Amino acid sequence: MPRGKFHRLKWPALALAVLSAAIVFEFWSARNRYENQLSRQIWPVAAPEISVISVSPANFKSTVLLLGDSRMAQWDLPPLAGWRVVNAGAGGLTTGQLRLCAPKLLDEFHPDVVVLEAGINDLKYVGLRTELSPQIISLAAINLTAVVHECAARHCQVIMLETWPAGKPSLARRLVWNAEIPKAVDSLNAQLQKLNAPEQGIRVVDLF
């Protein structure tokens, strides 16, 4: 191959190699940042600040507190005649964070009924560290059980919603997703069903 033609081919190939290396490096850097952030949420050291919204009709007689992640937050303030509705759902909330912030919210609003839904943000970690799946599932179940007991200790009626199945992951999400996450959801929900005790005012409900 003529020397000039070799050099013309060499530089584009080198540029492509550098670009590919940069893309790979950025992907792994972003993945590590995501993993570190999620890890801090799953094993929190302090309760997060939650923006609570509420509606208090005149002469309300009872209070329902909605606790959980973005799925609960999306319920907004469903109208319930004669009820004060307090929505403390927060996007990205893990069961560990929920466990830390629940006592303060319970003491502040004194709900008669608490509706709980969380868990999927914990289980996202399974997409990153599949080998930790049993530990993450167990931790989420322990945290949600603790929240249920906090509610029961304050004589609240509890509606524990099973962790909702995850929707179809976006293209970007597929980079940190795998088939073990839906299995983890099923496993967590099987453990949550053990909390079902209507005679104690605790009901575990599968909305799906």
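Computed from a predicted structure; not experimentally measured.
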Hydrophobic clustering (ILVMFWY, side-chain heavy atoms < 4.5 Å, transitive) - are [Y] and [X] grouped together?
X: Leu100; Y: Leu116; result: no
X: Val126; Y: Ile142; result: no
X: Leu128; Y: Leu139; result: yes

Is the shortest heavy-atom distance from the side chain of [X] to the side chain of [Y] under 4.5 Å?
X: Ile136; Y: Pro134; result: no
X: Leu144; Y: Leu98; result: yes
X: Asn87; Y: Val52; result: no
X: Val148; Y: Met160; result: yes

When you measure from the side chain of [X] to the backbone N and O of [Y], does any donor-acceptor pair fall under 3.5 Å?
X: Asp122; Y: Thr95; answer: yes
X: Asp112; Y: Thr63; answer: yes
X: Thr145; Y: Ala141; answer: yes
X: Asn143; Y: Arg99; answer: no
X: Asp69; Y: Gly92; answer: no

For [X] against [Y], the heavy-atom pair lying closest together:
X: Ala102; Y: Val147; value: CB-CG1, 4.1 Å
X: Gln157; Y: Gly201; value: OE1-CA, 3.4 Å
X: Gly91; Y: Ser70; value: CA-CB, 3.6 Å
X: Ala179; Y: Pro182; value: O-CD, 3.2 Å
X: Ile50; Y: Gly89; value: CG2-O, 4.4 Å
X: Ala90; Y: Ala73; value: N-CB, 4.1 Å

Gln191 and Ile137: CA distance, side-chain angles, deciding distance, side chain to side chain contact (heavy atoms under 4.5 Å, CB included) verdict: CA-CA 9 Å; Gln191 294 193 41; Ile137 295 168; 3.4 Å; yes
Would you give the length of the straight line joining atom [atom1] of [X] to atom [atom2] of [Y], rounded to the nearest 0.5 angstrom?
X: Thr163; Y: Glu117; atom1: OG1; atom2: CD; result: 5.5 Å
X: Gln200; Y: His149; atom1: CD; atom2: NE2; result: 8.0 Å
X: Cys151; Y: Leu105; atom1: SG; atom2: CG; result: 10.0 Å
X: Asp186; Y: Ile181; atom1: CG; atom2: CD1; result: 12.5 Å
X: Glu180; Y: Arg129; atom1: CD; atom2: CZ; result: 14.5 Å
X: Leu67; Y: Leu106; atom1: CG; atom2: CG; result: 6.5 Å

Transitive ILVMFWY cluster of Val45 at side-chain heavy atoms under 4.5 Å: who else is in it?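 Direct or chained contacts put Val45 with none.
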Residues sharing Leu80's hydrophobic cluster, by side-chain heavy-atom contacts under 4.5 Å among ILVMFWY, directly or via others?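 Its cluster partners, ordered by chain and number, are Ile53, Val55, Val64, Leu66, Met72, Trp75, Leu77, Trp83, Val85, Val113, Val115, Ile159, Leu161, Trp164, Val205, Leu207, Phe208.
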Would you say that more than 12 heavy atoms from the other residues, nucleotides or ligands in this model lie under 6.0 Å from the CD of Glu131, or not?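 Yes, enclosed.
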Which residue pairs pass the salt bridge (charged side-chain N to carboxylate O under 4.0 Å, His left out) test with at least one member in residues 132-151, sequence neighbours excluded?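 Counting only pairs at least two positions apart or across chains, the salt bridge (charged side-chain N to carboxylate O under 4.0 Å, His left out) contacts touching residues 132-151 are Glu150-Arg154.
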Pairs flagged by salt bridge (charged side-chain N to carboxylate O under 4.0 Å, His left out) wherever residues 190-206 is involved - sequence neighbours left out: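 Residue pairs passing salt bridge (charged side-chain N to carboxylate O under 4.0 Å, His left out), neighbours aside: none found.
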For the residue pair Thr94 / Asn121, report whether a side-chain donor-acceptor contact shorter than 3.5 Å exists.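 No, no side-chain donor-acceptor pair sits under 3.5 Å.
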Just checking, any donor-acceptor pair under 3.5 angstrom between side chains of Asn178 and Thr130?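 Side-chain D/A pair, Asn178 to Thr130: present.
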Might you work through the side chain to side chain contact (heavy atoms under 4.5 Å, CB included) test for Val185 and Leu188, ending with a clear yes or no? CA-CA 5 Å; Val185 171; Leu188 174 57; 5.9 Å; no
Restricting to side chain to side chain contact (heavy atoms under 4.5 Å, CB included), what partner residues turn up for Ser56, sequence neighbours left out?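 By the side chain to side chain contact (heavy atoms under 4.5 Å, CB included) rule, Ser56 matches Phe60, Arg84.
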Begin with the C-alpha distance, continue with both residues' side-chain angles, and end with the deciding distance and a verdict on side chain to side chain contact (heavy atoms under 4.5 Å, CB included) for Arg71 and Ile120. CA-CA 10 Å; Arg71 289 150 169 196; Ile120 193 61; 3.8 Å; yes
Ring pair (Phe, Tyr, Trp, His ring centres under 6.0 Å) pairs, two or more places apart, involving residues 179-202: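 Sorted result for residues 179-202: empty, none.
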